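Notes follow the structure.
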2 protein chains.
Amino acid sequence: MKTDGQLLVRERLDVRAACLTIARALAQHRCLVVVGDCSVEYHGRARSVLESGERILLIKSDGAVLVHRPTGSRPVNWQPSGCILKTTEKDHFLVIEATRRTPMESLTVCFTRVEVIVAAELTDVGGFYLHLSEEELQRAVLAEPGLLLPDLRLVTYEKKVEPGFIDVYGLDSCNRLVVAELKRGRAGRAAVLQLARYVESVRQSTPLVVRGVLAAPALAKGAHTMLAQLGLEFVRVDLEKCAQSILPGRDKKMVEFLT
Amino acid sequence: MKTDGQLLVRERLDVRAACLTIARALAQHRCLVVVGDCSVEYHGRARSVLESGERILLIKSDGAVLVHRPTGSRPVNWQPSGCILKTTEKDHFLVIEATRRTPMESLTVCFTRVEVIVAAELTDVGGFYLHLSEEELQRAVLAEPGLLLPDLRLVTYEKKVEPGFIDVYGLDSCNRLVVAELKRGRAGRAAVLQLARYVESVRQSTPLVVRGVLAAPALAKGAHTMLAQLGLEFVRVDLEKCAQSILPGRDKKMVEFLT
DNA sequence: GAGTGGATTTCGCAT
DNA sequence: ATGCGAAGTCCACTC
C-alpha cells in the first residue's frame, strides 16, 4: 500500500475510491492493472457480452485496454491503443468505457468489486530485436541466392508487378527467369496462388521461360497438389542455414530450436 | 499488503523473496501479475531479444505467459497456455522460464528489480457470447436467403468442392446456379480468388449457368476490378438487417454501431 | 483514410 | 498431429 511517483497499489477499494484512483491514474497516463469481478460488453465490428467473473484488466498508457480471464493467452475483450477512456460510478458499479472511431467501437467494463489496483509509471526504452522474420529470411537469400537455387543469379527483389511485389527475381543457369516467393513458415494454398499470380504477370511481359518457385521450410499437402497443377516448384529453405548466413558472428546455439 | 486465500500483494521484494513468492503462486496455479524491470529472450519458431525495461508480466493459471510493455495492445513477448514454468534465482536476478514443445520454444524473462507481485486465485465461470461472426452471418442468410438475392432458393450450404467449401449454394429466379462467398468484413482480393476457384470448380461439373456472388458489407477497390475481370458479382450485405434477422427479440440499439 | 500482406499470428474445427 | 480458413484478428507500411 505504498505510494510514490512511480507506483501506487490499492487493495479492496470501494467503488467510489476505485473510480477516483483510476481516473487520476488515467489522467497521468499511467499503466493500470485492475483485478476484480466485472462484466464486459463490446459493440463495434461485432458485438459481445461477457458475464460476470473475476478478471485482470490492463489499461496501458497509450489507451490500449485488455480484459484477461484466468486462462488463455489472448484477452477475452480488448480495445487497441488510441482509444478514449472514461471512468464513471454508476449504481454502485465502477464503469470503464473505452471508445474509438474508425472503426467505431466501444468496450464497457463494469466492476462490481475491485480487489487490487496497481497504477505504475513505467519507463521502457529497451530495444526489441526479432530474428528470422520473413524480412530476415529474404535478406539471407538475397545475400546468398545459392540458399534458394544453385547458381541463381539475382536480378532484383521486391519487383513490382500488377498483383504485388515479387520477393526474389533472378536467372538460373539456363537463363530462365526465376520468380520466387518466400515464406518463413509452412506454405499453404494462399502462397501458391500468390506465386501463380506473379508468374502469370511476368509471363505476359517476357518471352523468356519463367520458373515459379515457392521457397519455404515446408509445404502444406493441399498446396503440393495445386503447385503441381500450376507447374510451379517448391524449394525447401533451411532456416538454420539462413540464420547462420544472417548472423555469422553469433552463437550457433541460438538456432538450435529451429530444426 | 494483505494476504488471504484469494489474493496476495507484495511490493518491492528482493529477488530471493520474489522468487519464493512466485514459485509458491505457480505451484497453486494462481494468476500472477509481476511489475518490474526485466529483459526477455525468446527462442523457438523465431528468436527475439528484448532489452531491459519496465514491464508487466502476466502469468495465468493455465501457464500462459504475457510480457506487456507500457504501450501497444499486444504483448511484446508471450508463450501460449500449457507451457512449463520454472522460476530460479540467478546472479541476483529473478529468472522465469516458460517452455513448451510442438513447437519447441522457450521464453526467458529476467527481472533485475520487482516492484509489485499480485497473485490471485480468480474464479471466472461467466459465459462469453460473440455475435455477428461469419458463422452468424451465414445463419442469417440461410434463414432468409432474400438478404442475399431476391428470390434466391437455397439448395445447400457448405457444399464441398475441390478447392474447399461453398458458403451458400442456390438457384436464382432464372434457375441459374448461385455460388456465394460470405465475408463479414470488407472483401479483398483473396476473397475474390477464393470465389473464382469455387465457381470454376462448379462450372466444370454442371451445364447450368453459374453466378459467382461475393457477399460482404463492402468491397475493396482492387477487388472490384478483379471481380469484374472474372465475371463475378458483388452483393452488399446489410449487417444490421442480418443482426435483426438473427436476434429478432433483442434490443435494436445493439446494432447501432454496425452502420 | 483505405489497401495490402505478414505474424513467434492465435483459434477452432475437421481430417 | 496436421491442415485450412477465420479473426472484433493486430500491425506496419504504402498510396
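This one's a predicted model, so the numbers in the text were calculated from it and none came from an experiment.
Protein atom NZ of B:K183 is 16 Å distant from nucleotide atom P of C:dG3, rounded to whole Å. To the nearest angstrom, C1' of D:dG8 lies 14 Å from CG of A:L66. For the pair A:L239 CG and C:dT8 C1', the computed distance is 12 Å after rounding to whole Å. Put simply, CD1 on A:I166 is 13 Å from P on C:dG5, counting in whole angstrom units. Atoms CG (B:L219) and C1' (C:dT4) sit 14 Å apart, rounded to a whole Å. For B:L182 and D:dA7, the CG to P distance is 11 Å, given to the nearest whole Å. Atom CD of B:E158 is separated from atom P of C:dA14 by 10 Å (rounded to the nearest Å). Rounded to whole Å, the distance from CG on B:L130 to P on D:dA7 is 9 Å.
Here D:dG8 is the nucleotide among C:dG5, C:dG6, D:dG8 with the atom lying nearest to any side-chain atom of A:A46. Distances from the side chain of A:T102 to the nucleotides D:dC4, C:dT8, C:dG1 place C:dG1 closest. Relative to the side chain of B:R189, the nucleotides C:dG5, D:dA6, D:dC11 differ in distance, and C:dG5 lies closest. Side chain of A:R184, nearest nucleotide from D:dA1, D:dC4, C:dA7: C:dA7. Of the candidates C:dG6, D:dC10, C:dT8, C:dG6 carries the atom nearest the A:E134 side chain, counting heavy atoms from C-beta on.
No donor-acceptor pair closer than 3.5 Å links the side chain of B:R100 to the backbone N or O of B:S106. Under a 3.5 Å cut-off, the side chain of B:R236 and the backbone N or O of B:A216 do not form any donor-acceptor pair. Judged by distance alone, with hydrogens and angles left aside, the side-chain atoms of B:S61 form a donor-acceptor pair with the main-chain N or O of A:P70 at under 3.5 Å. A donor-acceptor contact shorter than 3.5 Å is absent between the side chain of A:R69 and the backbone of B:L122.
A:E136 and A:R139 are joined by a salt bridge, as a carboxylate oxygen and a charged side-chain nitrogen come within less than 4.0 angstrom of each other. Ion pairing between B:E158 and B:K160 fails under the 4.0 Å rule for side-chain N and carboxylate O.
In this model, a donor atom of one side chain and an acceptor atom of the other lie less than 3.5 Å apart for B:Y42 and B:E105.
Nucleotides of DNA chain C nearest to B:G188 and A:R101 differ in position, and the one nearer the 5' end is that of A:R101. Of the two residues near DNA chain C, A:F165 and B:Y42, the one whose nearest nucleotide lies more 5' is A:F165. In terms of position on DNA chain D, the residue among B:F128 and A:K221 whose nearest nucleotide sits closer to the 5' end is A:K221.
Between the P atoms of D:dC4 and D:dG8, the separation comes to 22 Å (whole Å).
The phosphate of C:dT8 (OP1 or OP2) has no side-chain N or O of B:R47 nearer than 4.0 angstrom. One finds a side-chain N or O of B:R45 lying less than 4.0 angstrom from the OP1 or OP2 phosphate oxygen of C:dT10.
A:Q138 comes within 4.0 angstrom of no nucleic acid atom, judged by non-hydrogen atoms across all strands. B:K160 comes within contact range of no nucleotide atom at all, as no heavy-atom separation falls under 4.0 Å.
Heavy-atom distances under 4.0 Å link DNA chain D to A:N77, A:W78 of residues 68-78 of chain A, given in residue order.
B:L58 is listed as a side-chain neighbour of A:H68, based on a closest heavy-atom distance under 4.5 Å.
One cannot find a donor-acceptor pair under 3.5 Å joining the base of D:dG5 and the side-chain atoms of B:Q194.
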